[in-house]
Amino acid sequence: MHEEALLQHIYARSKDIAGDVLVGPGDDCSVVRIGSAQVLLTTDQLVEHRHFAADLPIDRIAHKAVARSVSDIAAMGGAPSCALATACLPNGYLHADALFDAMHRAAAAMQCPLVGGDIAIHDGPIVLTVTAIGTPHPTRGPVLRTGARPGDQVWVTGKLGGSLASGRHAAFTPRVTEAQRLCDQLGEDLHAMIDLSDGAGRDSGRIASASGCAIELDETALPMHAGVTDWRCALGDGEDYELLFTTAPSVQVASVKATPIGCCVPGEGCWLINRAGARHDVTTLGWNHGA
Ligand SMILES: [Mg+2]
C-alpha cells in the first residue's frame with residue numbers, strides 16, 4: 001500500500017478525535033492539550049536499506065533517526081523538549097550500546113534529550129523509531145499545513161537537491177532556530193509550514209492540499225545545492241529537511257535566510273512554472289515511502 005493511501009485511511013478514522021486533541025494526524029506533529037499546556041507529538045521510523053545504507057556510520061544513523069523527528073517539531077515552529085527511542089535490531093547485532101550512546105549524544109546536541117526507550121531483536125534490518133515531544137511557539141502557537149491561502153508567498157530556507165549523494169540526508173541540522181525566528185518575526189503572517197522530507201514538490205503539494213489552494217513554484221527562483229542543475233532533482237530528491245513556508249503577500253522575511261520560490265493561487269496541486277512558462281505537475285514528484 002502506498003504511504004499516501006495509508007495516511008488518508010488513518011486520517012479518515014481520526015476525524016472524530018476531539019477534546020484535548022487540537023490537531024490529529026495529518027500534520028508534521030499532532031497537537032494535544034495536557035493540563036493547561038499544548039504539546040507537540042511526532043514519531044518517525046528509520047529503516048536500514050530503506051532510509052540508510054548498511055555501511056552508514058553509527059553516529060550518522062543515530063543523528064538521522066533523531067533529527068528527522070526534531071525536524072517535525074521545527075516544522076510546527078516548536079521547540080523540542082525530549083524524545084523516546086526504540087530499536088528493533090538484527091539477531092546478533094553487536095553495536096546496540098554504541099547506537100544508543102550515539103542517539104543520546106545526537107538528541108542532547110539538539111536540546112531534545114532521550115528520556116526512555118526499548119530494544120527488541122528480530123530477523124530483519126535495523127529499525128529505529130524516535131518519538132519527539134515539544135512545545136509550540138509561546139505567542140504564535142503551532143504553525144500548521146492548513147493556513148496557506150491564495151496570494152501567499154512561498155519561501156524555503158537553505159538550498160535544495162542532492163541530499164543522498166552528498167550525505168546531507170544523514171548530517172542535516174533541523175531548522176528549529178530558524179522556525180522560532182520566523183514565528184518571532186512574523187507571528188500570524190506566517191501562515192503555513194512543513195519540513196522537506198519527501199521533496200519540495202510533494203511537500204508543497206501537501207500544504208496546498210491541506211490548505212485548499214494550489215502552489216506555483218518558479219524554476220528560476222529555486223535555490224539549488226552545488227552540482228544540482230535540474231529542477232526535477234531540486235523538487236524531487238527529497239530529504240532536504242529545510243523549511244518550506246508561506247507568508248502574507250507583502251511580508252519581507254528578515255529573521256532567517258530564506259528564498260521566495262513561488263506563490264499560492266486558487267486551485268489545487270503543486271506546479272512548477274519553468275523558464276519557458278510551461279506548467280508541470282510536481283505533486284507526485286519525489287519520495288513515496290510505500291512505492
Ligand atoms: Mg515533516
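Start at 1 and go down the list; that is how both ligands and their atoms are numbered. Everything quoted here is computed from the prediction, not taken from an experiment.
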*Asks:* Decide if atom CD of E268 counts as having more than 12 heavy atoms of other residues, nucleotides or ligands within a radius under 6.0 Å.
*Replies:* no

*Asks:* If you check every N/O/S atom of D72, which is the one nearest the Mg ion (ligand 1)?
*Replies:* OD1

*Asks:* Taking N, O or S atoms only and a limit of 2.8 Å, check whether D195 reaches the Mg ion (ligand 1).
*Replies:* yes

*Asks:* Could you tell me how the ring of F172 sits relative to the ring of Y241: parallel (under 30°), tilted (30 to 60°) or perpendicular (over 60°)?
*Replies:* parallel

*Asks:* Does the side chain of M193 reach to within under 4.5 Å of the side chain of I207, using non-hydrogen atoms?
*Replies:* no

*Asks:* In D28, what N, O or S atom is nearest to the Mg ion (ligand 1), if we give its atom name?
*Replies:* OD1

*Asks:* Taking CG in N91 as the centre, count heavy atoms belonging to other residues, nucleotides or ligands within less than 6.0 Å. Is the count above 12?
*Replies:* yes

